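Since this is a predicted model, take the numbers as computed values, not measurements. Values below: every heavy atom of this structure, side chains too, minus hydrogens, waters and symmetry copies.
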Amino acid sequence: MLTAFARAFKTPDLRKKLLFTLGIIVVYRLGTHVPIPGVDYRNVQTCIDAAQANQGLFGLVNMFSGGALLQITVFALGIMPYITASIILQLLTVVIPRLEALKKEGQAGTAKITQYTRYLTVALAILQGTGLVATARSGALFQGCPVASQIVPDQSIFVTITMVITMTAGTAAVMWLGELITDRGIGNGMSILMFISIAATFPSALWAIKEQGSLADGWIEFGTVIAVGLVMVGLVVFVEQAQRRIPVQYAKRMIGRRSYGGTSTYIPLKVNQAGVIPVIFASSLLYIPALIAQFSSGTSGWKTWIESHLVRGDHPIYVTLYFLLIVFFAFFYVAISFNPEEVADNMKKYGGFIPGIRAGRPTAEYLSYVLNRITWPGSLYLGLIALVPTMALVGFGANQNFPFGGTSILIIVGVGLETVKQIESQLQQRNYEGFLR
C-alpha cells in the first residue's frame with residue numbers, strides 16, 4: 001500500500017489528484033471545528049469533558065461526523081444525511097418502477113437518481129438539524145451535565161432557524177466536497193470523507209483507554225487494544241477479499257464472416273456482499289426506541305424497560321437483538337441488491353451459461369442457492385465483528401465508540417482497499433509495460 005502511494009506521488013497527474021484530495025480533507029476537518037452561531041462554545045466543551053466516557057444515543061452519528069456532532073459545529077451532521085438518502089433511494093429503486101427504469105437508462109438515469117439523492121439529503125439535513133437543535137436546547141444532548149440547558153442561551157425562533165440553516169448548508173458543503181474528490185481527486189469522495197471522520201476519532205479513543213487503564217499505567221490495556229485491532233484488520237481484509245467465482249462460458253456466434261464470443265469469465269459473489277450497511281441499519285433501528293424513551297416524559301413501565309434493556313450496549317437482550325438484526329438485514333440487503341433472475345436473463349440474452357447448468361430459470365435458482373449459502377457466513381461474520389465494542393465495554397470499560405469497533409473497522413478497511421485498488425489501476429494505465437518486456 002505504501003509503495004503504491006510512493007509511486008503515485010512520483011507521477012505528476014496522480015500527485016495533483018492526491019494533493020487536491022488532501023486539500024479537501026483539510027477543509028473538511030477545519031469545518032468540523034467551526035461552531036455554529038447561537039451556541040455557547042465554553043459550555044459545550046464543559047459538557048463534552050464531563051460526558052467523554054458515555055456519548056449515549058448519539059455515539060454512532062458523532063463517529064460518522066468526526067466528533068463534530070457533539071461539538072455542534074458547521075459540519076455537525078457530517079456525511080450521515082447523504083448516507084441515509086443514498087440507502088433510501090437504493091431501497092426505493094426496487095419498489096418504485098420509475099426509479100428502476102431510471103437505473104436501467106445508464107449514465108443519464110444515474111445522474112437523475114443522484115440529483116434526487118441530493119434533494120433528499122438536504123431535506124434530511126433540515127430534519128436532523130432541527131432535531132439536534134431541539135435536543136441541544138432542551139439539555140438532552142448531554143444528560144447529567146449541569147450546564148447542558150445553557151448550551152443555546154438565546155432560544156428565539158430567529159436563532160433556531162439560523163442554526164438549522166447553517167447546519168443544512170454545512171451538509172450541502174460536505175456533499176459538494178465529496179463530489180469534488182470523486183471528480184478531481186482519488187477514490188469515492190463520500191467514502192473518503194467517511195474514512196477521515198472515523199479515523200479522526202481514533203487517537204483520542206485510544207488515549208482514553210490508556211488513561212482509564214490500571215495495568216502498568218494503562219499501557220497493558222493500550223497494547224492489548226492495538227493487538228486486537230491488528231488482528232481484526234487482518235480478519236476483515238481476509239473476509240472482504242473472499243469471493244465465490246462462478247464460471248460463465250459464452251458460446252461462439254457467427255455474425256457475417258466473423259466469429260464472436262467463445263470467452264470464459266466468472267461472476268464474483270463476495271462473502272460479505274452487503275458490506276457495512278446491515279450494521280448501520282441494525283444500529284439505527286435499535287436507536288429508535290431509545291430515542292423515543294429519551295424524549296418521552298414520565299416514568300412509565302415501557303420507558304423503564306427500554307432504558308434498562310435497549311440502551312446499555314452490554315445487556316444480553318441488546319446484544320441478541322443487535323446480532324439478529326444484522327443477520328436479517330444482511331440477507332435483506334443482498335436480496336434487494338442482487339437479482340438472480342435479472343443476471344440469468346442477461347446471460348441468456350448474450351449467449352452465456354454456467355457449465356453444467358441450463359440457461360434461464362435453472363441458472364437463476366443456482367445463483368440464488370449459492371448466494372444464500374455464502375450469505376450465511378458473511379452475516380455471521382458481520383454480527384461477530386459488530387459485537388467487539390460490546391466485549392470491549394465489559395473487558396476494558398471502554399465507551400461504545402471503541403476505536404476498533406465493527407462499523408469503524410469495516411468502513412476504514414473497505415475504503416482503504418478500494419482507494420489503493422484505484423491508485424494501482426491508474427498507475428498500471430500510466431506505466432503499462434505490455435506483454436513483451
Side-chain angles (χ1 to χ4, degrees), residues 55-64 79-80 83-84 86-88 90-91 94 191 194-195 198 228-229 231-244 269-291 306 309-338 368 370-395 398-415 417:
Q55 294 172 355
L57 299 174
F58 307 97
L60 181 69
V61 184
N62 189 58
M63 180 186 71
F64 279 116
I79 203 70
M80 263 315 256
I83 296 173
T84 308
S86 300
I87 293 174
I88 291 174
Q90 194 169 6
L91 295 176
V94 184
S191 300
M194 195 190 310
F195 176 94
I198 296 173
V228 170
V231 172
M232 284 188 61
V233 168
L235 174 64
V236 170
V237 170
F238 178 76
V239 178
E240 290 296 320
Q241 297 288 84
Q243 57 183 223
R244 167 75 183 273
L269 296 180
K270 295 180 64 176
V271 173
N272 182 22
Q273 191 86 358
V276 73
I277 289 179
V279 180
I280 297 176
F281 274 17
S283 301
S284 303
L285 196 62
L286 281 177
Y287 280 161
I288 292 175
L291 196 62
I306 289 175
H309 294 83
L310 296 181
V311 174
R312 290 174 50 202
D314 57 346
H315 196 279
I317 294 180
Y318 180 93
V319 172
T320 304
L321 282 176
Y322 191 32
F323 183 83
L324 293 178
L325 282 174
I326 289 174
V327 174
F328 168 76
F329 280 121
F331 278 92
F332 174 76
Y333 186 77
V334 168
I336 66 172
S337 62
F338 187 89
S368 179
V370 173
L371 194 63
N372 286 333
R373 291 195 66 180
I374 67 172
T375 302
W376 269 114
S379 61
L380 296 177
Y381 145 81
L382 279 177
L384 292 175
I385 290 291
L387 291 178
V388 169
T390 303
M391 292 184 283
L393 279 168
V394 178
N399 59 28
Q400 293 193 26
N401 293 324
F402 183 62
F404 293 108
T407 309
S408 56
I409 283 293
L410 286 170
I411 292 175
I412 283 182
V413 172
V415 174
L417 287 174

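- The aromatic rings of F332 and F328 lie parallel to each other, their planes meeting at an angle below 30°, with 60° marking the opposite boundary.
- Side-chain contact between L371 and R244 is absent, with no heavy atoms from C-beta onward closer than 4.5 Å.
- Residues S379 and A330 share a closest heavy-atom pair of CB-CB, 3.6 Å.
- Contact detail for I326 and A386: the closest heavy-atom pair is CD1-CB, 3.4 Å.
- For the pair L382/F329, no side-chain contact is recorded, criterion being any heavy-atom separation below 4.5 Å from C-beta on.
- No side-chain heavy atom of Q90 sits under 4.5 Å from any side-chain heavy atom of I336.
- Atom OG1 in T84 sits 10.0 Å away from atom CD1 in I79 (nearest 0.5 Å).
- Looking at every heavy atom in both residues, A282 comes nearest to L325 through CB-CB, 3.7 Å.
- Annotation: the span from I88 atom CD1 to I83 atom CD1 amounts to 12.0 Å, rounded to 0.5 Å.
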TODO: Check the pair Y381 / L410 against side chain to side chain contact (heavy atoms under 4.5 Å, CB included), numbers first and verdict last.
DONE: CA-CA 11 Å; Y381 145 81; L410 286 170; 3.2 Å; yes
TODO: Starting from the C-alpha separation in whole Å, work towards a yes-or-no answer on side chain to side chain contact (heavy atoms under 4.5 Å, CB included) for V370 and R373.
DONE: CA-CA 5 Å; V370 173; R373 291 195 66 180; 5.8 Å; no
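- Residues N272 and V236 have side chains not in contact (no heavy-atom distance under 4.5 Å, counting atoms from C-beta outward).
- Closest of all the heavy-atom pairs between N372 and F331 is O-CE2, 4.0 Å.
- Of all heavy-atom pairs spanning L384 and F323, the tightest one is N-CE1, 3.9 Å.
- Annotation: the span from I409 atom CD1 to E240 atom CD amounts to 11.5 Å, rounded to 0.5 Å.
- The nearest pair of heavy atoms linking K270 to I374 is O-CD1, 3.4 Å.
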